[in-house]
Amino acid sequence: MKVHGYGAVNPQAPVAPIEFERRDVGPKDVKIDILYCGVCHSDIHMVRSEWGPSVYPIVPGHEIVGTITEVGAEVTKFKVGDLAGVGVFVDSCRECPSCKKGQEQYCDEEMTPTYNGYYRDGVTQTFGGYSSTYVIDEAYTLHIPFTKELERVAPLLCAGITTYSPLRYAGVGKGHKVAVLGLGGLGHMAVKFAASFGAEVTMLSTSPSKEADAKALGAHHFALSTDPATMESLKGSFDFILNTVAASHDLNKFLGLLKVEGKMLLVGIPPEAAEVYAATLISKRRSIVGSMIGGIAETQEMLDYCAEHNILSDVEMINMKDVNEAYERVIKSDVKYRFVIDMKSLRD
């Protein structure tokens with residue numbers, strides 16, 4: 001089927017109107033008319049081939065919420081009219097140990113990305129949510145347990161699960177002291193989740209202007225990471241640090257803030273390799289734990305948790321035509337805290 005969207009044709013090109021083809025609805029597929037799509041910093045990296053060569057033309061977008069308008073003959077989990085979501089991936093091998101454990105994001109044969117990749121046939125290209133519709137296997141489709149403020153739900157499909165998953169994996173809860181490093185699209189969700197789990201939350205930031213926002217989001221404390229005296233006073237303070245920073249920074253500076261057996265949960269991907277002093281880890285049995293989104297079951301768990309506890313992303317709505325301007329503002333951290341595209345603007 002012919003689909004209208006916005007995409008780029010090379011790393012230097014702006015994101016602009018594009019027409020492409022999606023597969024027809026198969027027996028186990030659902031067709032989603034997209035209502036909202038979040039803008040993730042990953043979209044910018046991949047549109048511009050900053051994480052290695054991208055597949056062009058590229059249609060970004062992996063924080064998708066919409067309405068199901070068609071279902072395949074064998075679909076059992078969804079019906080026409082249901083609200084549905086699509087996250088960062090749309091398929092996996094389904095047979096490896098990770099897939100069988102419900103951790104499809106760690107698929108041994110690699111997950112099938114929502115865009116900038118290929119389906120399991122290795123030939124058919126995936127295109128993302130900056131578009132009018134998406135066709136996806138029901139097994140990789142998410143139920144949306146919200147009925148309003150759906151624009152604030154969309155970023156949960158990436159920013160939400162990216163921060164929820166490591167906090168759950170680490171067992172964060174009452175009695176723990178958690179620091180969140182970086183207040184942006186990921187960091188603002190990390191604060192909300194950590195606080196809701198019962199932890200005592202400190203925001204670590206280089207921007208003193210973010211203190212009021214951090215506390216409004218649920219942080220109990222705010223610490224300026226550029227202040228040597230403050231950093232000295234926080235040594236050995238935290239059970240966990242959730243590090244969301246995607247810019248180059250010195251991990252050692254923050255590892256020293258962890259208690260004995262403290263863990264740094266790493267979700268940001270800086271452009272350069274980090275240098276870590278072994279002694280900083282060994283001296284207190286500290287560790288660094290990487291984490292990437294979550295599987296389908298955990299993502300559904302996260303959505304259900306958010307609905308139960310009224311946790312939503314803080315967003316700024318934009319029209320489709322304004323996405324290039326939004327990209328520049330994301331790079332400058334000039335958004336509180338996630339842009340979301342109103343896909344009605346694509347159809348107007």
Sub-4.5 Å side-chain heavy-atom contact between Cys306 and Phe146: yes
Side-chain donor/acceptor of Asp342 to backbone N/O of Asn319, under 3.5 Å: no
More than 12 heavy atoms of other groups within 6.0 Å of Lys177 NZ: no
Side chain Ser165, main chain Ile161, donor-acceptor under 3.5 Å: no
Audit row: Ile293, Thr299, side chain to side chain contact (heavy atoms under 4.5 Å, CB included) steps and yes/no: CA-CA 8 Å; Ile293 55 173; Thr299 305; over 6 Å; no
Under 3.5 Å donor-acceptor, Glu138 side chain and Lys77 backbone: yes
Ile64 side chain near Leu157 side chain, heavy-atom distance below 4.5 Å: no
Result of checking Lys336, Arg338, Arg329 against Glu316 for side chain to side chain donor-acceptor pair (under 3.5 Å): Arg329
Which residues share a side chain to side chain donor-acceptor pair (under 3.5 Å) with Asp304, sequence neighbours left out: Gln300
In one Ile/Leu/Val/Met/Phe/Trp/Tyr side-chain cluster, 4.5 Å: Ile18, Tyr130: yes
Shortest non-hydrogen contact from Ser205 toward Ser207: OG-N, 3.0 Å
Audit row: Glu261, Lys284, salt bridge (Lys or Arg N to Asp or Glu O under 4.0 Å) steps and yes/no: CA-CA 6 Å; Glu261 298 185 344; Lys284 300 290 183 181; over 6 Å; no
Within-4.5 Å side-chain heavy-atom neighbours: Met231 and Ser225: yes
Short side-chain to backbone donor-acceptor contact, Asp29 and Gly72, under 3.5 Å: no
In one Ile/Leu/Val/Met/Phe/Trp/Tyr side-chain cluster, 4.5 Å: Leu281, Val289: no
More than 12 heavy atoms from other groups under 6.0 Å of NZ on Lys101: no
Nearest heavy-atom neighbours spanning Tyr36 and Lys344: OH-NZ, 4.3 Å
Joint hydrophobic cluster, Val335 plus Met317, side-chain heavy atoms closer than 4.5 Å: yes
Pairwise side-chain contact, Glu63 with Ser313, heavy-atom cut-off 4.5 Å (strictly under): no
CZ (Arg285) with more than 12 external heavy atoms under 6.0 Å: no
Neighbour count >12 (heavy atoms, 6.0 Å) for atom CD, Glu19: yes
N/O donor-acceptor pair under 3.5 Å between Ser49 side chain and Ser54 backbone: yes
Polar side-chain atom of Thr230 near backbone of Ala223 as donor-acceptor pair, under 3.5 Å: no
Donor-acceptor contact below 3.5 Å, side chain Asp108 vs main chain Ser98: no
Connected via hydrophobic side-chain network under 4.5 Å: Val39 and Ile331: yes
Gap separating the CH2 atom of Trp51 from the CD1 atom of Ile44, nearest 0.5 angstrom: 10.0 Å
Interatomic distance, Leu83 atom CG to Thr147 atom OG1 [nearest 0.5 angstrom]: 8.0 Å
Parallel, tilted or perpendicular: rings of His176 and Phe240 (30°, 60°): perpendicular
Worked verdict on Arg94 versus Asp137 for salt bridge (Lys or Arg N to Asp or Glu O under 4.0 Å): CA-CA 12 Å; Arg94 311 187 188 206; Asp137 188 307; 3.0 Å; yes
Hydrophobic cluster identity match, Leu217 and Val245, side-chain contacts under 4.5 Å: no
Minimum-distance pair of heavy atoms, taken over all atoms of Phe339 and Asp334: CZ-O, 4.0 Å
Close side-chain approach of Asp43 to Val323, heavy-atom, < 4.5 Å: no
Tyr119 six-ring centre to Arg23 NZ/CZ under 6.0 Å and within 45° of normal: yes
Glu74 and Lys28 ion-paired at < 4.0 Å: yes
Donor-acceptor pair, side chain of Thr114 and main chain of Gly87, under 3.5 angstrom: yes
Side chains of Met1 and Glu21 in contact at under 4.5 Å (non-hydrogen atoms): no
Rounded distance [0.5 Å steps], OG in Ser287 versus CE in Met264: 10.0 Å
Inter-residue atom distance Glu275.CD - Asn252.CG, 0.5 Å rounding: 7.5 Å
CA sep, side-chain torsions, deciding dist, call: Arg120, Thr112, side chain to side chain donor-acceptor pair (under 3.5 Å): CA-CA 7 Å; Arg120 305 315 286 184; Thr112 299; 2.9 Å; yes
Main-chain N/O of Phe127 paired with Arg22 side-chain donor or acceptor, under 3.5 Å: yes
Working for salt bridge (Lys or Arg N to Asp or Glu O under 4.0 Å), residues Lys332 and Glu328: CA-CA 6 Å; Lys332 297 174 184 175; Glu328 297 309 312; 6.0 Å; no
With sequence neighbours excluded, residues passing side chain to side chain donor-acceptor pair (under 3.5 Å) with Glu50: His45
Any side-chain heavy-atom pair of Tyr56 and Pro11 under 4.5 Å: yes
Side chain to side chain donor-acceptor pair (under 3.5 Å) between Glu301 and Tyr164, worked out: CA-CA 10 Å; Glu301 174 192 303; Tyr164 180 93; 2.6 Å; yes
Taking every non-hydrogen atom, the tightest pair across Ala139 and Ile296: O-CG2, 3.8 Å
Student check: side-chain heavy atoms of Cys37 and Tyr6 closer than 4.5 Å: no
Ser92 versus Cys99, closest heavy-atom pair with distance: OG-SG, 3.1 Å
Separation of Lys263 NZ from Asp239 CG (nearest 0.5 Å): 9.0 Å
Under 3.5 Å: donor-acceptor pair, side chain of Arg286, backbone of Leu258: yes
Closest non-hydrogen atom pair, Tyr106 against Met292: OH-N, 3.1 Å
Which donor-acceptor pairs under 3.5 Å do side chains of residues 181-204 form with protein atoms, sequence neighbours excluded?
residue, atom, partner, partner atom, Å
His188, ND1, Gly184, O, 3.3
His188, ND1, Gly185, O, 2.9
His188, NE2, Asp314, N, 3.0
Lys192, NZ, Leu312, O, 2.5
Lys192, NZ, Asp314, OD1, 2.7
Ser196, OG, Lys192, O, 3.4
Ser196, OG, Phe193, O, 2.8
Ser196, OG, Tyr305, OH, 2.8
Glu200, OE2, His221, NE2, 2.7

Between CZ on residue Arg152 and CD1 on residue Ile311, distance to nearest 0.5 Å: 11.0 Å
